[in-house]
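Order of the sequence lines sets the chain letters (A, B, ...), proteins ahead of strands, with each chain counted from 1.
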Amino acid sequence: MKYSQYFIPTLREIPAEAEIASHKLMLRAGMIRKSSAGIYSFLPLAHRVLKKIIKIVEEEMDRAGGVQVLLPMVQPAEIWQQTGRWDVYGEEMFRLKDRHQRDFCLGPTHEEMITSLVKNEVRSYRELPLRLYQIQNKYRDEIRPRFGVMRAREFIMKDLYSFDRDNDGLNRSYQAMFEAYNQIFTRCGLEFRAVEADSGAIGGDVSHEFMVLADSGEAVILYCEECSYAANNEKATAALPSSMEEPLLPIEKVHTPGQATVPEVTTYLSVPPSQLIKTLFYQTDDEILAVLVRGDDEINDIKLGNLLNKPYRLAPPEEIASKLDLPVGYVGPLGLQEKRVKVLADLRIKAMANSICGANLKDYHLRNVNLERDFRVDSFADLRLAKAGDQCPHCQHPLLETRGVEVGHIFKLGTKYSSSLRATFRDEQGEEKPLIMGCYGIGISRIVAAAIEQNNDQDGIKWPAPIAPFQVLILPISKEQLPQAEEIYKGLIAAGVEVLLDDRDERAGVKFKDADLIGIPVRLTVGPKGLAKEEVEVKLRMTGEDLRWSLSEVTSQVLAYLKAHSPGGVLNEIMPTNQSQDGVILEKK
RNA sequence: CGGGGCGUGGCUCAGCUUGGUAGAGCGUUCGGUUCGGGACCGAAAGGUCGCAAGUUCAAAUCUUGUCGCCCCGACCA
């Protein structure tokens, strides 16, 4: 492709609307332009990257037994009403009416659509397993779209839905997808991790997320270097510390004037935060309940939400004061049952001895408080937010923390949708059973942003070779070198390499700046200095390495570079993989 | 939806407090000089100041409404 005939409207200045690196760079590199909030046009450079990713995804889905379909984006309300999600989805669903006033939505996801399709077509266990997938636009009217295509209202997603006859089948489908996902992100040239995840609103018990590691990622990942454990911090657990074997001391009231927060109390009394019991009050529709965690722990809202299974929020201090007559900052678990407050506690509370907590009296705390002797708990659960330094739940080694962008999420759904939509099959006994489903999503357009988020510097994007819009950029210093540049261009094209030739009548500096910005992995500078020695000057964008290749070897050198930087296969040539079976691996570049 | 902020040439922004001829830099076009990391000189084009109503002799500027966008919170691929 010749630059002068192409369409890459780069921006010299940073658009004011962009916050994070990938958003700024996609705008500056002429990849996207906003149409309205969270809705973007993808320009040629971005479109090429999308196609690269889609190709990898399709190959791996097909290889894992997937069969591609294209489903309606405009979906009728009835199927959503049958699963109850017409109401559950709420404002996040783009809704529309046709001329007959019938309700439709723009598909935010396709469980309903695919299940209602399959239910009419699949009748026998002989037709299973079935793994159908689609890659298309999805629509979610996000409350707050942000970060460019990272969280958009219109976005491209791949979804595969598996239909099996039993749990063993589901497990095989899940495992096949797990492996395919590892393969996909490896082949994209991204550093990523598969982590255990909360299954959220979609339901199901087992779930993994695939995270592209990036400091700017919204998700926090806890992982163990010793074993394979890795989890989203929404889900992560840690091994429990051993119980304190201490003689129980008599309870003691201490005056702590104006010391309401954990740091204040621990400083004032010279004790570690781990010795405090923090008491927080939450409100649901019908009750107020207390949640106890250790002073150095935070409550994990996801875990609490899963346990309560109903809407809840932190009770405002005025509520606590008026309804329970308790002074916020000095509350403790003693005597709460008498106030008809249900008490939940994190598991770590069990192991504490001679703790400190509020005295339920302004400006007073209690020392040497002990479970059972002094207060009771209605139920224990893992309610704390795990953090770096906690012990791995499998092997007790300290957990490490990193951040990531969620680009894939796989779920075991079970029969949630097949039951409500009555998608059944007959087994060998002729018995009618609901299909066992799984669903497996990849945010295709989000991968583009995540890849940039992971690979950029001050000058621009550094594309991993497998998903770069072009593999090679040829940059003639001036018009004088254009003929030689075209020779190299033809040679590379003939070898099947994707090349962008910057034939614009621009100053060298401008071309260098644009080259860095759009981030094509191999830059070949054709200038008088190199040509005098029958060489091109090579700059590798990812590492910044400078090389010289002789004109006669350019093509073979490029091919060698691309092969070396195509994990898992190049040009359809798929290499064997070396991932572990339980799959939780960290890819190193 | 709650809180905060912003809408002025294609882009980044000044001007608004204190109403009176709409500005700069970048980009674009033309001419010239340059030409290996976003050149320089000269000339030019380009703006319903988001939109609507109001106050006023006069509104980018003041008031009200409205639309859009961005940031912080709950959501998620």
Side-chain angles (χ1 to χ4, degrees), chain A residues 9-20 23-24 27-28 30 33-39 53 57 88-93 108-110 135-160 181 197-202 207-212 217-219 232 234 301-302 305 311-314 404-411 439-450 459-460 475-481 504-517 523 525-531 537 539 546:
Chain A
T10 58
L11 259 31
R12 186 178 293 213
E13 299 190 66
I14 303 169
E17 68 189 54
E19 180 81 353
I20 59 168
H23 189 192
K24 288 177 190 167
L27 287 164
R28 286 195 58 212
R33 288 293 183 264
K34 185 172 65 186
S35 160
S36 57
I39 298 183
I53 296 169
V57 169
V88 174
Y89 241 97
E91 298 283 296
E92 206 171 304
M93 188 143 68
T109 179
H110 286 74
I135 295 174
Q136 58 197 89
N137 282 358
K138 305 223 170 182
Y139 297 85
R140 290 183 197 169
D141 195 357
E142 294 280 348
I143 298 164
R144 189 151 89 82
R146 60 183 139 173
F147 304 145
V149 301
M150 191 76 92
R151 171 171 291 137
R153 295 196 293 172
E154 177 180 75
F155 56 100
I156 303 170
M157 200 164 142
K158 185 281 311 182
D159 261 324
L160 184 143
Y181 274 41
D198 184 75
S199 48
I202 295 184
S207 170
H208 284 89
E209 286 168 335
F210 288 78
M211 302 282 193
V212 168
E218 290 186 275
N232 188 317
E234 294 175 348
D301 290 330
I302 306 283
Y312 71 96
R313 62 193 173 91
L314 204 55
V405 176
E406 182 187 354
V407 290
H409 201 159
I410 61 178
F411 301 85
C439 87
Y440 317 86
I442 290 182
I444 303 277
S445 43
R446 181 180 272 189
I447 291 177
V448 181
D459 295 318
L475 195 158
I477 287 294
S478 75
K479 273 188 248 179
E480 315 297 319
Q481 289 82 34
R504 291 177 301 169
D505 185 15
E506 286 285 358
R507 298 169 64 85
V510 172
K511 294 196 239 184
F512 283 129
K513 288 291 181 190
D514 277 338
D516 288 343
L517 183 56
R523 186 184 85 197
T525 306
V526 185
K529 290 178 200 165
L531 287 178
E537 298 152 63
K539 178 96 169 179
D546 283 306

Q) Can A/F155 be classed as stacking with the base of B/rA77, given a centroid separation cut-off of 5.5 Å and a plane angle cut-off of 30°? A) yes
Q | Qualifying residues under side-chain contact (heavy atoms from CB on, under 4.5 Å), relative to A/S36, sequence neighbours excluded | A | A/I39, A/R153
**Q.** Between B/rC51 and B/rA44 - C1' atom distance, rounded Å
**A.** 32 Å
**Q.** Pairwise P distance for B/rG47 and B/rU66, with rounding to whole Å
**A.** 31 Å
Q | Integer angstrom distance from the C1' of B/rG5 to that of B/rC13 | A | 16 Å
Q) Applying a 3.5 Å limit to both distances, which nucleotide forms a Watson-Crick or G-U wobble pair with B/rA52? A) B/rU64
Q) Donor-acceptor pair under 3.5 Å: do we get one between A/R151's side chain and the base of B/rC75? A) yes
(Q) Base of B/rC76, side chain of A/R446 - is there a donor-acceptor contact under 3.5 Å? (A) yes
(Q) My understanding is that a pair needs two contacts under 3.5 Å, Watson-Crick or G-U wobble. By that rule, which nucleotide pairs with B/rU33? (A) B/rA39
Contact list (N/O, under 3.5 angstrom) for nucleotides 11-14 of chain B vs protein:
unit_1, atom_1, unit_2, atom_2, d
B/rC11, O2, A/E13, OE2, 3.2
B/rU12, OP1, A/A16, N, 2.9
B/rU12, O4', A/E13, OE1, 3.4

Q. Phosphate oxygens OP1/OP2 of B/rG73: is one of them under 4.0 Å from a side-chain N or O of A/R146?
A. yes
**Q.** Pairing nucleotide - B/rG2, Watson-Crick or G-U, each distance under 3.5 Å
**A.** B/rC72
Q: Write down the distance between CZ (A/R12) and P (B/rA39), rounded to a whole number of angstrom.
A: 6 Å
(Q) I'd like to check the side-chain contact (heavy atoms from CB on, under 4.5 Å) partners of A/K539; sequence neighbours left out, ordered by chain and number. (A) A/R523, A/D546
Anything under 3.5 Å between a protein N or O and an N or O of nucleotides 28-35 of chain B, put it in a table, one pair a line.
unit_1, atom_1, unit_2, atom_2, d
B/rU34, O2, A/R507, NH1, 2.7

Q: Searching all strands shown, indicate the nucleotide that pairs with B/rC57 (Watson-Crick or G-U wobble; both distances under 3.5 Å).
A: B/rG20
Q) Can you list the residues that meet the side-chain contact (heavy atoms from CB on, under 4.5 Å) rule with A/R12, with sequence neighbours excluded? A) none
Q.
Please give the distance between the P atoms of B/rU21 and B/rC26 as a whole number of Å.
A. 26 Å
Q: For nucleotides B/rA60 and B/rU48, find the distance between their C1' atoms and express it as a whole number of Å.
A: 12 Å
Q: Look at all strands and tell whether A/A450 reaches a base, only sugar-phosphate, or nothing, counting heavy atoms closer than 4.0 Å.
A: nothing
**Q.** Distance, P atom - from B/rG20 to B/rG2, rounded to whole angstrom
**A.** 36 Å
**Q.** Note: A/K34-A/E17 ion pair, threshold 4.0 Å (strictly below)
**A.** yes
Q.
When you measure only distances, ignoring hydrogens and angles, does the side chain of A/R523 come within 3.5 Å of the base of B/rG36 through a donor and an acceptor?
A. no
(Q) For a quick check of understanding: with a heavy-atom distance under 4.0 Å over all strands, which category does A/T525 fall into, base, sugar-phosphate or nothing? (A) base
**Q.** Contacts of A/E406 that satisfy side-chain contact (heavy atoms from CB on, under 4.5 Å) - sequence neighbours left out
**A.** A/E209, A/M211, A/H409, A/R446
Q | Distance between P atoms of B/rG4 and B/rC11 (Å, rounded) | A | 28 Å
